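Quick caveat, the model's predicted, so the values are computed rather than measured.
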Amino acid sequence: REDRFARISRGGSLARVLEGIEAAGAAGFDRIKINTVVVRGFNEDELGDLTAWALAAGHVLRFIEFMPIGADTVWDGVSGNGCVPAAEMRARLSERWELAPVGMTPGAGPSRYCSLTGPGAGPDARVGFISAVTECFCDACNRIRVTPQGGIRACLADDSEIDLRALLRSDATDTDLLDAVRASLYGKKETHRFDIEGGSVTRKQMISIGG
């Protein structure tokens with residue numbers, strides 16, 4: 001829905017994004033993954049329409065639970081806490097398709113997939129769920145982030161960072177850098193603290209964390 005896209009992207013053009021997705025397909029990317037953050041009171045009523053669009057276009061849709069990230073998060077600004085649990089998303093989709101768990105693909109990220117059977121679903125049809133809040137996947141996480149400020153961050157939900165930029169601008173050796181990366185990874189907590197009932201874990205906005 002163009003009006004909702006413009007609102008959540010603060011004025012972005014849905015048409016331009018769709019053109020970009022089509023261009024990626026024309027360039028030869030045959031399994032394009034589309035991420036959609038589901039926010040209660042905003043777009044949870046679109047899960048079926050989004051899935052139908054992705055099936056028709058041949059893309060892999062992944063629904064992401066809304067996470068309490070950032071000092072100015074709207075976690076409490078939308079009905080309830082904004083998070084639509086993945087179990088509820090699957091229940092909504094089950095009204096139109098039959099879902100069967102496929103699980104995670106090792107090394108391919110945190111999405112848990114379900115195959116789809118029903119209207120518009122081909123033999124390879126699937127949809128993914130990234131559920132950091134209600135179905136923790138820390139034991140399978142293989143993600144690491146380098147922030148725009150040059151900090152290495154082993155967990156999205158933890159503000160602990162090691163300053164790689166300072167090392168790179170000093171006389172640090174390759175061994176020093178490797179030790180810093182290892183310290184970040186080996187210091188990663190067993191699990192994060194996202195809580196569906198309570199506020200932000202990290203004070204940084206996503207734009208300051210990076211992907």
Side-chain angles (χ1 to χ4, degrees), residues 8 31 33-44 46-47 50-51 54 60-95 97-116 126-147 151-162 181-211:
I8 204 166
R31 294 291 278 180
K33 291 182 283 191
I34 308 292
N35 288 346
T36 298
V37 177
V38 181
V39 184
R40 189 177 299 284
F42 182 73
N43 65 349
E44 80 269 31
E46 293 187 75
L47 270 68
L50 286 162
T51 300
V60 179
L61 187 63
R62 295 154 9 136
F63 291 115
I64 303 176
E65 290 181 341
F66 183 65
M67 295 175 279
I69 293 175
D72 300 317
T73 182
V74 290
W75 184 253
D76 293 315
V78 194
S79 300
N81 55 32
C83 179
V84 178
E88 182 179 331
M89 298 184 206
R90 292 191 291 268
R92 283 177 174 267
L93 294 181
S94 294
E95 296 172 2
W97 294 276
E98 181 180 340
L99 276 65
V102 176
M104 286 184 174
T105 301
S111 185
R112 293 185 177 96
Y113 290 96
C114 289
S115 63
L116 294 177
R126 60 174 52 192
V127 64
F129 302 89
I130 299 177
S131 48
V133 179
T134 67
E135 297 172 356
C136 182
F137 46 76
C138 292
D139 60 334
C141 178
N142 66 350
R143 292 300 197 248
I144 188 169
R145 295 166 187 264
V146 177
T147 72
I152 186 170
R153 188 180 182 106
C155 177
L156 175 64
D158 185 358
D159 278 335
S160 300
E161 294 179 13
I162 292 178
V181 172
R182 283 177 170 157
S184 176
L185 292 176
Y186 294 161
K188 184 173 181 176
K189 295 180 176 63
E190 184 175 353
T191 186
H192 60 56
R193 291 174 42 246
F194 280 152
D195 182 353
I196 195 170
E197 296 300 333
S200 176
V201 175
T202 171
R203 303 294 294 173
K204 283 192 171 184
Q205 299 287 3
M206 280 295 296
I207 195 172
S208 298
I209 296 173

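Contact record, F137 with P110: CE1-CB, 3.2 Å, taken as the closest heavy-atom pair. When all heavy atoms are compared, the tightest approach of V102 to S115 is CG2-N, 3.5 Å. The two atoms that bring C155 and K188 nearest to each other are CB-CE, 4.4 Å, heavy atoms only. Nearest heavy-atom pair across A132 and E65 is N-OE1, 3.6 Å. Contact between I144 and A154 at its shortest, heavy atoms only, is CG1-CA, 4.3 Å. N43 approaches V37 most closely through the heavy-atom pair ND2-O, 3.0 Å.
Looking only at distances, no side-chain donor or acceptor of E161 sits under 3.5 Å from a matching main-chain atom of G151. A distance-only check finds no donor-acceptor pair linking the side chain of R90 to the backbone of C114 [under 3.5 Å].
Using a 4.5 Å cut-off on side-chain heavy atoms (C-beta onward), E46 and T36 make no contact. Inter-residue side-chain proximity for P85 and R40 is flagged as met; some heavy-atom pair is nearer than 4.5 Å. Counting heavy atoms from C-beta outward, F63 and V84 have side chains that stay 4.5 Å or more apart. Two residues are said to be in side-chain contact when any heavy atoms from C-beta on lie closer than 4.5 Å; V38 and I64 fail this criterion. Taking 4.5 Å as the limit, every side-chain heavy atom of R143 sits out of range of all side-chain heavy atoms of L156.
Between the CZ atom in F129 and the CG atom in L93 there is a gap of 5.0 Å [rounded to 0.5 Å]. To the nearest 0.5 angstrom, M89 atom CE is 8.0 Å from S131 atom OG. Of the inter-residue distances, the one linking I152 atom CD1 with R145 atom CZ reads 12.5 Å to the nearest 0.5 angstrom. Note that the OG1 atom of T191 and the CG atom of D158 stand 11.0 Å from one another [nearest 0.5 Å].
S208 meets the side chain to side chain contact (heavy atoms under 4.5 Å, CB included) test with K204; sequence neighbours excluded. Partners of R92 according to the side chain to side chain contact (heavy atoms under 4.5 Å, CB included) rule, which considers only residues two or more places apart in sequence or in another chain, are E44, L47, E88.
Heavy atoms of other residues, nucleotides or ligands lying less than 6.0 angstrom from CD of E135 number more than 12.
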Check against side-chain contact (heavy atoms from CB on, under 4.5 Å), D139 and E190: CA-CA 8 Å; D139 60 334; E190 184 175 353; over 6 Å; no

Worked verdict on I34 versus V60 for side-chain contact (heavy atoms from CB on, under 4.5 Å): CA-CA 6 Å; I34 308 292; V60 179; over 6 Å; no

